[in-house]
Amino acid sequence: LAPVPVPAEELAEGDVVHRFGYRTVEIDDVGDFPAEIEHAAEAMLSVWQQWIGTHRIRPVQVELVLLGTPAAFEEMKQSLAPELPLVNGFYATATHQAVVRYESRQPALNRSTAIHEVAHLITSSQVGPVDRWVSEGISEYFETLHSNGEAILISPNLRYEDELQPRNLEIFLALTDADWQGADSPEHYATAWSLVYFLMDSRRGRVTLREVLVRMTGPLRSELSIPEFLALSYPGGLNALERNWHQWLVAGEFRDHSLQ
């Protein structure tokens, strides 16, 4: 569907099709931007189909909200997510909204922020609440997505390049939401991106990520933690995952991912 303004109250639970709408506040013209983000959302869903299987895909509803002034953005943030620090965007699962502070002179930032927040909504719709590193890692992974027809290209997201370093995997996986909001937040985001990108960089890593996400949609979800899923799915367990991830980070040879 071509993007059209859709009130949030019409984006009800239980729809059997994916729905994408948008609205703008205090912006004169956003051109084809909503259509571009809808196209990116469709590409992300196609990747999710590869991850968990088409038969497991759940309906997705998204309202992209573009706010043209700091005051309008701050008002909506205070209404929906007052606990957040200074940000350019956020998402609200209860209202299916991806909210972006739209800067007409910063198209690349607008795009990456919108894709990031829409990716959060898609992740939430497919697997529900997840460990923070999974949700943020997937959103960071998709930020650089470009697609042309059926071809999907993901480039390394190096805005946190200076923060990338090998870390203790067990400690990272155990971080709390409070930890994520602290002074080391940029390092946590960079680590989450790197872990997801590492998994997507090899066949065994992709199989591991798929198995973890599929398990999260099934009956084992309530019985095992995500670290336990990883330990079961990755050959050699968490120790091997940490060792191989560290080697990949140190090598620093981050290649583009072409997903069909």
Side-chain angles (χ1 to χ4, degrees), residues 3-13 19-31 33-34 36-38 40-41 44 60-145 157 159-160 163 175-190 192-193:
V4 294
V6 177
E9 59 268 20
E10 292 186 13
L11 297 175
E13 293 284 350
R19 301 182 63 192
F20 181 95
Y22 79 93
R23 64 185 172 95
T24 64
V25 178
E26 298 190 38
I27 302 175
D28 291 332
D29 181 23
V30 293
F33 184 74
E36 182 180 358
I37 302 306
E38 182 187 24
M44 287 187 274
V60 174
Q61 297 90 42
V62 173
E63 183 190 38
L64 178 65
V65 183
L66 305 174
L67 299 153
T69 65
F73 179 80
E74 185 62 24
E75 180 180 357
M76 192 161 192
K77 183 166 81 72
Q78 288 301 316
S79 173
L80 294 174
E83 74 284 357
L84 290 178
L86 183 64
V87 293
N88 293 313
F90 63 92
Y91 68 103
T93 55
T95 56
H96 311 285
Q97 290 172 311
V99 183
V100 176
R101 166 69 178 99
Y102 188 85
E103 301 266 8
S104 60
R105 291 173 293 183
Q106 298 191 59
L109 178 62
N110 294 335
R111 187 180 191 279
S112 63
T113 301
I115 290 176
H116 183 105
E117 305 308 338
V118 170
H120 274 302
L121 291 175
I122 293 174
T123 297
S124 177
S125 70
Q126 302 310 308
V127 294
V130 293
D131 292 7
R132 188 73 175 264
W133 77 265
V134 176
S135 180
E136 296 297 351
I138 288 174
S139 290
E140 294 286 338
Y141 180 75
F142 280 133
E143 274 191 16
T144 60
L145 177 150
N157 188 347
R159 64 191 177 100
Y160 294 120
E163 307 290 341
L175 291 176
T176 66
D177 281 344
D179 294 325
W180 277 85
Q181 300 290 356
D184 294 329
S185 179
E187 183 180 344
H188 301 333
Y189 278 82
W193 167 81

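Note that CD1 of Ile122 is 11.5 Å distant from OG of Ser135, once rounded to the nearest 0.5 Å. Atom-to-atom distance recorded for Leu145:CG and His116:NE2 is 14.0 Å, nearest 0.5 angstrom. Thr176 OG1 to Asp131 CG: the interatomic distance, rounded to the nearest 0.5 Å, is 11.5 Å. If you take CG on Leu175 and CZ on Arg132, they are separated by 10.0 Å, rounding to the nearest 0.5 Å.
There is a side-chain donor-acceptor pair under 3.5 Å between His120 and Glu136.
Two residues are said to be in side-chain contact when any heavy atoms from C-beta on lie closer than 4.5 Å; Phe90 and Met76 meet this criterion. The shortest side-chain heavy-atom distance between Lys77 and Val87 falls under the 4.5 Å cut-off. Considering only heavy atoms from C-beta on, Val99 stays 4.5 Å or farther from Glu117 through its side chain. Met44 is listed as a side-chain neighbour of Ile115, based on a closest heavy-atom distance under 4.5 Å. At a threshold of 4.5 Å between non-hydrogen side-chain atoms, the residues Gln97 and Arg23 count as touching.
For the pair Phe73 and Gly89, the tightest heavy-atom approach, listed with the atom from each and the gap, is CZ-N, 3.8 Å. Shortest non-hydrogen contact noted between Ser104 and Asn110 is N-ND2, 4.3 Å. Minimum interatomic distance between Val118 and Ala41 (heavy atoms only, all atoms of both residues): CG1-CB, 4.0 Å. Taking each heavy atom of Val60 and Gln126 in turn, the nearest pair found is CG2-NE2, 3.4 Å. Closest non-hydrogen pair, Ser124 versus Thr93, comes out as OG-CG2, 3.4 Å. Here the closest non-hydrogen pair linking Gln61 and His96 is O-CB, 3.2 Å.
Take Pro107 and apply the side-chain contact (heavy atoms from CB on, under 4.5 Å) test, not counting sequence neighbours, and it matches no residue. Here Ala114 pairs with Phe33, Ile37, Leu64, Val100 under the side-chain contact (heavy atoms from CB on, under 4.5 Å) rule; sequence neighbours left out. Remark: Thr69 pairs with Glu26, Ala71, Ala72 by the side-chain contact (heavy atoms from CB on, under 4.5 Å) rule, at least two apart or across chains.
Under the 3.5 Å distance criterion, the side-chain polar atoms of Ser112 are matched with a main-chain donor or acceptor of Leu109. Using modelled atom types, no side-chain atom of Arg19 and backbone atom of Val62 make a donor-acceptor pair closer than 3.5 Å. Checked by atom type and distance alone, the side chain of Asn88 never pairs as donor or acceptor with a backbone atom of Arg101 at under 3.5 Å. Judged by distance alone, with hydrogens and angles left aside, the side-chain atoms of Thr123 form a donor-acceptor pair with the main-chain N or O of Ala119 at under 3.5 Å.
Sparse packing is recorded around CD of Glu75, with 12 or fewer heavy atoms of other residues, nucleotides or ligands lying under 6.0 Å away.
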